[in-house]
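In what follows, a single structure is set out as structure tokens and then discussed.
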Protein chains: 2
Amino acid sequence: MEKYYTIGDVAARTGISAHTLRYYDKEGLLSFVKRSESGTRLFTKEDFEPLYTITVLKKSGMPIKKIREFMTLYLQGNKTIHDRYVMFNEQRQSLLEQIAELEDMLKIVDYKCWYFQEAEKRGDINYYKKLPEQEVDQRIIEFNKIVDDFREGVAKED
Amino acid sequence: MEKYYTIGDVAARTGISAHTLRYYDKEGLLSFVKRSESGTRLFTKEDFEPLYTITVLKKSGMPIKKIREFMTLYLQGNKTIHDRYVMFNEQRQSLLEQIAELEDMLKIVDYKCWYFQEAEKRGDINYYKKLPEQEVDQRIIEFNKIVDDFREGVAKED
DNA sequence: ATAGATGTTAGAGTATACTCGAAGTCAAGA
DNA sequence: TCTTGACTTCGAGTATACTCTAACATCTAT
């Protein structure tokens with residue numbers, strides 16, 4: 001006799017609501033889950049691995065439709081190992097790009113935090129414009145260069 | 001005589017479509033943009049800085065409504081410098097958390113890439129289950145521990 | 001045996017962020 | 001002058017991912 005988990009059990013353990021789990025099932029992400037005679041979903045211990053994989057792909061920014069593609073491969077067993085590797089490898093690239101973009105944004109936001117503090121000290125958001133050029137902090141000059149590039153249409157491929 | 005940019009100019013330079021720019025305006029993000037007598041939006045050189053700031057906040061994951069709050073502060077000038085600092089500082093925290101989460105996901109995805117390659121070599125997605133325990137790679141043991149925690153409901157606060 | 005908790009489905013509703021279409025206005029060149 | 005292209009608004013449509021409700025079934029514990 002195997003132990004089964006109901007949708008409520010799974011919801012309580014994983015933090016994914018029962019509503020969301022049913023939605024995922026409807027979207028074809030949970031085809032591996034067995035049903036009782038009366039239709040109740042019966043999750044097994046083993047089902048938590050693909051379920052965990054779904055959460056990882058979700059948090060990596062993969063849309064539901066593409067996760068469904070992955071799960072379709074998963075259901076086909078050993079003959080799709082390579083295809084699944086390819087999908088994860090692409091997702092790896094996507095993650096690297098997302099992280100790089102957020103790190104770029106972090107740099108700008110860090111600068112802005114610094115700049116707002118400087119401006120607050122002086123009570124003037126445009127204080128640097130009244131300074132002789134040599135006294136303007138390099139960070140401000142660099143930021144203004146970025147904004148100039150933005151205005152000139154440099155690197156608008158996103 | 002000041003040079004003006006139309007919405008089409010701005011779209012071409014920034015890569016943000018004119019449709020999207022009008023949508024942003026409707027949502028209150030572009031209240032700083034002047035209009036001609038006949039209603040045409042007239043962007044100035046200076047408008048590109050707040051516009052750039054909007055793109056940075058967007059790419060940092062800030063929702064439009066919150067960007068509107070920021071722009072409301074922006075329009076009020078020097079008396080809101082501190083509030084704007086606070087918003088950017090919060091966004092900084094949010095970015096650090098997003099990056100940390102994506103890096104966690106990257107670790108899992110890296111592992112999965114490695115594991116799929118190992119499984120592909122052996123033609124069996126569950127090859128390790130047939131191995132004597134001492135021969136199972138440490139990475140597999142650690143991953144299984146993570147899945148076990150997931151099933152046990154450890155760290156479901158997200 | 002029956003109440004109450006939990007399960008089921010289908011389908012509607014919400015939130016976010018666009019994205020597009022229609023109908024009309026306006027300015028500049030042939 | 002007239003056509004053309006770019007601008008305007010309003011409102012509808014799309015995509016994604018939930019989130020919830022209603023009506024009903026089933027399981028469990030007293």
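Sequence lines set the chain letters: A, B, ... in the order given, protein chains first and strands last, and positions in each chain run from 1. Everything numeric in this text was worked out from a predicted model, so none of it was measured.
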*Let me know the distance between CD of A:Glu37 and C1' of C:dG7, rounded to the nearest Å.*
16 Å

_Interatomic distance, A:Glu27 CD vs D:dT16 P [rounded to whole Å]_ = 10 Å

*asked:* Can you see whether A:Phe143 has A:Lys145 sitting over its ring - NZ or CZ less than 6.0 Å from the centre and within 45° of the normal?
replied: no

*asked:* We want to know whether A:Ser94 and A:Gln98 form a side-chain donor-acceptor pair, criterion being a heavy-atom distance below 3.5 angstrom.
replied: yes

*Hey, does B:Ile7 have a side-chain heavy atom less than 4.5 Å from the side chain of B:Phe43?*
yes

*Give me the one residue out of A:Leu51, A:Ile54, A:Leu57, A:Leu21 that meets side chain to side chain contact (heavy atoms under 4.5 Å, CB included) with A:Leu29.*
A:Ile54

*Quick one: side chain to side chain donor-acceptor pair (under 3.5 Å) partners of B:Asp104, sequence neighbours excluded?*
none

*Could you tell me whether A:Asp25 and A:Arg35 have a side-chain N and a carboxylate O separated by less than 4.0 Å?*
yes

*asked:* Expressed as a whole number of angstroms, how long is the span from A:Tyr23:OH to C:dG13:P?
replied: 18 Å

_Contact residues, residues 46-53 of chain A to DNA chain D [heavy atom, < 4.0 Å]_ = none

*Tell me the salt bridge (charged side-chain N to carboxylate O under 4.0 Å, His left out) pairs involving residues 82-91 of chain A, sequence neighbours left out?*
A:Lys66-A:Glu90

*Could you check how far CD1 of B:Ile16 sits from P of C:dT19, rounded to whole Å?*
12 Å

*May I ask you to evaluate whether B:Tyr24 reaches the phosphate of C:dC18, defined as a side-chain N or O under 4.0 Å from OP1 or OP2?*
yes

*Can A:Lys3 be said to sit on top of A:Tyr5's aromatic six-ring, NZ or CZ under 6.0 Å from centre and within 45° of the ring axis?*
yes

*Check whether the side chains of B:Tyr85 and A:Glu120 place a donor and an acceptor atom closer than 3.5 Å, and report yes or no.*
no

*Taking atom C1' of C:dC18 as reference, at what distance in whole Å does atom CE of B:Met62 sit?*
19 Å

*In whole Å, what is the span from the CG atom of A:Leu29 to the C1' atom of D:dT16?*
13 Å

*asked:* Whole angstroms only, please: what is the NZ-C1' distance between B:Lys65 and C:dT16?
replied: 9 Å

*Does a side-chain N or O from B:Lys58 land closer than 4.0 Å to OP1 or OP2 of C:dT16, or not?*
no

*Using atom NZ of B:Lys66 as one end and atom P of C:dA15 as the other, report the distance to the nearest whole Å.*
19 Å

*What are the residues of residues 88-99 of chain B, sorted by number, that bring a heavy atom to within less than 4.0 Å of DNA chain D?*
none

Short heteroatom pairs, N/O only, protein and nucleotides 5-11 of chain D, under 3.5 Å:
{"from": "D:dC7", "atom 1": "OP1", "to": "B:Thr6", "atom 2": "OG1", "distance (Å)": "2.7"}
{"from": "D:dC7", "atom 1": "OP1", "to": "B:Gly8", "atom 2": "N", "distance (Å)": "2.8"}
{"from": "D:dT8", "atom 1": "OP1", "to": "B:Arg41", "atom 2": "N", "distance (Å)": "2.8"}
{"from": "D:dT8", "atom 1": "OP1", "to": "B:Arg41", "atom 2": "NH1", "distance (Å)": "2.8"}
{"from": "D:dT8", "atom 1": "OP2", "to": "B:Arg22", "atom 2": "NE", "distance (Å)": "2.8"}
{"from": "D:dT8", "atom 1": "OP2", "to": "B:Arg22", "atom 2": "NH2", "distance (Å)": "3.0"}
{"from": "D:dT8", "atom 1": "OP2", "to": "B:Arg41", "atom 2": "NH1", "distance (Å)": "3.3"}
{"from": "D:dT9", "atom 1": "OP1", "to": "B:Arg35", "atom 2": "NH1", "distance (Å)": "3.0"}
{"from": "D:dT9", "atom 1": "OP1", "to": "B:Arg35", "atom 2": "NH2", "distance (Å)": "3.2"}
{"from": "D:dT9", "atom 1": "OP2", "to": "B:Arg41", "atom 2": "NH1", "distance (Å)": "3.3"}
{"from": "D:dT9", "atom 1": "OP2", "to": "B:Arg41", "atom 2": "NH2", "distance (Å)": "2.8"}

*Contacts of B:Glu118 that satisfy side-chain contact (heavy atoms from CB on, under 4.5 Å) - sequence neighbours left out*: B:Trp114, B:Lys121, B:Arg122, B:Tyr127

*For the atom pair CZ (A:Phe32) and CG (A:Leu75), what is the distance rounded to the nearest 0.5 Å?*
8.0 Å

